[in-house]
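The structure under discussion appears below in the form of structure tokens.
Remember, it's 1-based here, ligands and their atoms both numbered in the order they're listed. Every heavy atom of this structure was used, including side-chain atoms; hydrogens, water molecules and symmetry mates were not. Starting from 1, each residue takes its place in the sequence as its number.
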Amino acid sequence: MILVTGGAGFIGSNFVLDWLAQSGEAVVNLDKLTYAGNLNNLATIDGDARHTFVHGDICDGALVLSLLQQHRPRAIIHFAAESHVDRSILGPGEFINTNINGTFALLEAARAYWSVLEAGEKAAFRFLHVSTDEVYGTLGPNDPPFTETTTYAPNSPYSASKAASDHLVRAYHHTYGMPVLTTNCSNNYGPYHFPEKLIPLIIANALAGKPLPIYGDGMQVRDWLYVSDHCAAIRRVLADGVPGQVYNVGGWNEMTNLDVVHTLCDILDRQAPKQGSYRDQITYVTDRPGHDRRYAIDAGKLERELGWKPAETFESGIRKTVQWYLANQAWVANVQSGAYMSWVNKNYANRETAQ
Ligand code: NAD
Ligand code: TYD
């Protein structure tokens, strides 16, 4: 079995759903259920005996170690993080706590568990750390895309905290020989994406008749990847990645924010027509402080060495995404009203946290 952290968030829940659809191997899913964690994301595997959900914090080393000793996973896939750049600007503390201290606590628990495994299990064990392209900083318009050897230059509290966690993971390989793998991925989009991030926010605001906020001039560039392609890349790296190595994951799909928003408006104009175009709702707002201008990933190593390529183009992925949001407006309403949180409070208020 495998242990996943942060499996009730956007990418983690997509990963758990895809994993159980493709493999018989059980998953223990450790998640603190912050505002970004939503058990509704896992509703389709309710009652599936292969999935064990544990409500807990990665910073709680004793809890993590007891889970490892109880379930004896062959791998840890570490998604849990604070992930929203704007929130990291308004309040960096929780980013330092979860992304740095939490990763450290997880690594320490993993080391205690791993170091006493018998030789075969010890060699086969993997700690896969899911990270971001934002650790590399920002690119000029003509710079080549980020490779695995690009110098780290994080610019936001979020990316700095992820960079710190990447360094810790690297050090556990070099110092202790722990079989770690790190993936640095570009911006994801797809189902269960929390509507504070650009793509789901634009879809939700468009349908609600609200302004579509564009930071600054909207000419910032991101390299978008459909979330199931990221999940497939993680499975490839877990299966055949070389311990200690880093793999960049990206969609070969650079777009300006304005182009992304125009594309969304045009699809919505066709699929949910209203009087006038959704483009009329576009509103330019003050830019994000320290806003990185351009991210782009060179995913050549992953393709050459492990044979991974994205299955979706931006056109196919974004169409699926809009369709998912149109078909799941109750999910969005639930998130926006906070109803999923009150359910969590009701469900967990009187429960012991697993120890
Ligand atoms: P998310 O914010 O949607 O989900 C994070 C999950 O982690 C939530 O379920 C939350 O409850 C959980 N969590 C937070 N703090 C925790 C703690 N202390 N203990 C246990 N669980 C905790 O994030 P996401 O977009 O799914 O990102 C997942 C990972 O992928 C992150 O590490 C992020 O840095 C990385 N990543 C994200 C993107 C992207 O575009 N979203 C791109 C590249 C890499
Ligand atoms: P986001 O989804 O927050 O991801 P990240 O900052 O990690 O790349 O933002 C994607 C891009 O969209 C980023 O350049 C900021 C921009 N953006 C807006 O223009 N308006 C918005 O309301 C949001 C949330 C983001």
Side-chain angles (χ1 to χ4, degrees), residues 4-16 29-39 41-42 54-60 63-64 77-89 94-95 97-99 101-103 105-106 129-135 138 155-156 158-159 161-163 165-166 183-190 192-202 205 211-225 227 230-231 233-234 248-251 255-258 260-261 282-288 290-295 297 344:
V4 165
T5 71
F10 163 47
I11 304 174
S13 62
N14 274 281
F15 180 84
V16 169
N29 182 352
L30 171 64
D31 197 296
K32 185 178 170 182
L33 297 177
T34 67
Y35 81 94
N38 183 349
L39 287 176
N41 298 2
L42 301 163
V54 179
H55 184 211
D57 191 333
I58 57 164
C59 298
D60 183 347
L63 166 65
V64 176
I77 322 295
H78 176 33
F79 294 95
E82 289 293 332
S83 69
H84 188 38
V85 173
D86 293 317
R87 284 182 189 257
S88 83
I89 294 167
E94 210 41 53
F95 288 72
N97 188 40
T98 283
N99 299 1
N101 296 332
T103 300
L106 191 64
H129 176 58
V130 180
S131 193
T132 166
D133 61 355
E134 303 192 25
V135 297
T138 188
N155 289 319
S156 72
Y158 164 64
S159 55
S161 66
K162 290 296 291 187
S165 67
D166 293 7
T183 55
N184 292 90
C185 188
S186 62
N187 286 60
N188 285 211
Y189 66 98
Y192 305 112
H193 204 181
F194 196 86
E196 64 181 354
K197 306 279 173 69
L198 180 71
I199 287 179
L201 180 97
I202 294 298
N205 280 15
L212 310 181
I214 307 276
Y215 295 166
D217 63 3
M219 297 310 284
Q220 304 84 2
V221 172
R222 298 291 183 265
D223 179 353
W224 295 95
L225 180 70
V227 63
H230 186 190
C231 295
I234 291 170
N248 279 358
V249 188
M255 287 179 80
T256 64
N257 293 338
L258 204 53
V260 168
V261 173
I282 289 175
T283 311
Y284 289 86
V285 299
T286 309
D287 207 353
R288 169 189 281 172
H291 199 168
D292 284 338
R293 198 70 186 160
R294 174 176 168 237
Y295 303 140
I297 276 280
V344 166

Task: Backbone of Val130 reached by a side-chain donor or acceptor of Lys162 within 3.5 Å - done: yes

- [ ] Please work out which of the three classes, parallel, tilted or perpendicular, describes the rings of Trp224 and Tyr189, given edges at 30° and 60°.
- [x] perpendicular

Task: Flag, side chain of Asn205 to backbone of Pro211, donor-acceptor distance under 3.5 Å - done: yes

Open item on the list: Ring centres under 6.0 Å, that's the criterion: do Tyr215 and Tyr284 meet it?
Closed with: no

Open item on the list: Rounded at 0.5 Å granularity, tell me how far CG in Leu39 sits from CG in Leu33.
Closed with: 4.5 Å

Just the distances, no angles: every ligand 1 N or O to protein N or O pair closer than 3.5 Å, one line each.
{"residue": "ligand 1", "atom": "2 (O)", "partner": "Ser83", "partner atom": "OG", "Å": "2.6"}
{"residue": "ligand 1", "atom": "3 (O)", "partner": "Phe10", "partner atom": "N", "Å": "3.0"}
{"residue": "ligand 1", "atom": "9 (O)", "partner": "Gly9", "partner atom": "N", "Å": "2.9"}
{"residue": "ligand 1", "atom": "9 (O)", "partner": "Asp31", "partner atom": "OD1", "Å": "3.2"}
{"residue": "ligand 1", "atom": "9 (O)", "partner": "Asp31", "partner atom": "OD2", "Å": "2.6"}
{"residue": "ligand 1", "atom": "11 (O)", "partner": "Asp31", "partner atom": "OD1", "Å": "2.5"}
{"residue": "ligand 1", "atom": "11 (O)", "partner": "Leu33", "partner atom": "N", "Å": "3.4"}
{"residue": "ligand 1", "atom": "11 (O)", "partner": "Thr34", "partner atom": "N", "Å": "3.0"}
{"residue": "ligand 1", "atom": "11 (O)", "partner": "Thr34", "partner atom": "OG1", "Å": "3.2"}
{"residue": "ligand 1", "atom": "18 (N)", "partner": "Asp57", "partner atom": "OD1", "Å": "2.8"}
{"residue": "ligand 1", "atom": "18 (N)", "partner": "Thr98", "partner atom": "OG1", "Å": "3.0"}
{"residue": "ligand 1", "atom": "19 (N)", "partner": "Ile58", "partner atom": "N", "Å": "3.0"}
{"residue": "ligand 1", "atom": "21 (N)", "partner": "Lys32", "partner atom": "N", "Å": "3.0"}
{"residue": "ligand 1", "atom": "23 (O)", "partner": "Ser83", "partner atom": "OG", "Å": "3.2"}
{"residue": "ligand 1", "atom": "26 (O)", "partner": "Phe10", "partner atom": "N", "Å": "3.3"}
{"residue": "ligand 1", "atom": "26 (O)", "partner": "Ile11", "partner atom": "N", "Å": "2.7"}
{"residue": "ligand 1", "atom": "32 (O)", "partner": "Phe79", "partner atom": "O", "Å": "2.9"}
{"residue": "ligand 1", "atom": "32 (O)", "partner": "Val130", "partner atom": "O", "Å": "3.4"}
{"residue": "ligand 1", "atom": "32 (O)", "partner": "Lys162", "partner atom": "NZ", "Å": "2.6"}
{"residue": "ligand 1", "atom": "34 (O)", "partner": "Tyr158", "partner atom": "OH", "Å": "2.7"}
{"residue": "ligand 1", "atom": "34 (O)", "partner": "Lys162", "partner atom": "NZ", "Å": "3.1"}
{"residue": "ligand 1", "atom": "40 (O)", "partner": "Asn188", "partner atom": "N", "Å": "2.9"}

- [ ] Check whether the side chains of Thr103 and His78 place a donor and an acceptor atom closer than 3.5 Å, and report yes or no.
- [x] yes

Task: Carboxylate-amine/guanidinium contact Arg293 Asp217, below 4.0 Å - done: yes

Which protein N or O atoms sit under 3.5 Å from any N or O of ligand 2? Give atom names and distances.
{"residue": "ligand 2", "atom": "2 (O)", "partner": "Leu198", "partner atom": "N", "Å": "2.9"}
{"residue": "ligand 2", "atom": "3 (O)", "partner": "Arg288", "partner atom": "NH2", "Å": "3.1"}
{"residue": "ligand 2", "atom": "4 (O)", "partner": "Asn187", "partner atom": "ND2", "Å": "3.3"}
{"residue": "ligand 2", "atom": "6 (O)", "partner": "Arg288", "partner atom": "NH1", "Å": "2.5"}
{"residue": "ligand 2", "atom": "6 (O)", "partner": "Arg288", "partner atom": "NH2", "Å": "3.2"}
{"residue": "ligand 2", "atom": "7 (O)", "partner": "Glu134", "partner atom": "OE2", "Å": "2.5"}
{"residue": "ligand 2", "atom": "8 (O)", "partner": "Asn187", "partner atom": "ND2", "Å": "2.9"}
{"residue": "ligand 2", "atom": "8 (O)", "partner": "Arg222", "partner atom": "NE", "Å": "2.8"}
{"residue": "ligand 2", "atom": "12 (O)", "partner": "Asn257", "partner atom": "ND2", "Å": "3.3"}
{"residue": "ligand 2", "atom": "14 (O)", "partner": "Arg222", "partner atom": "NH2", "Å": "3.2"}
{"residue": "ligand 2", "atom": "14 (O)", "partner": "Asn257", "partner atom": "ND2", "Å": "2.9"}
{"residue": "ligand 2", "atom": "14 (O)", "partner": "His291", "partner atom": "NE2", "Å": "2.7"}
{"residue": "ligand 2", "atom": "19 (O)", "partner": "Tyr215", "partner atom": "N", "Å": "2.9"}
{"residue": "ligand 2", "atom": "20 (N)", "partner": "Pro213", "partner atom": "O", "Å": "2.9"}

Open item on the list: Determine whether Ser165 and Asn99 satisfy the following criterion, side-chain hydrogen bond (donor to acceptor under 3.5 Å, both in side chains), listing intermediate values before the conclusion.
Closed with: CA-CA 6 Å; Ser165 67; Asn99 299 1; over 6 Å; no

- [ ] Examine distances only and state if a side-chain atom of Thr98 and a backbone atom of Phe95 form a donor-acceptor pair shorter than 3.5 Å.
- [x] no

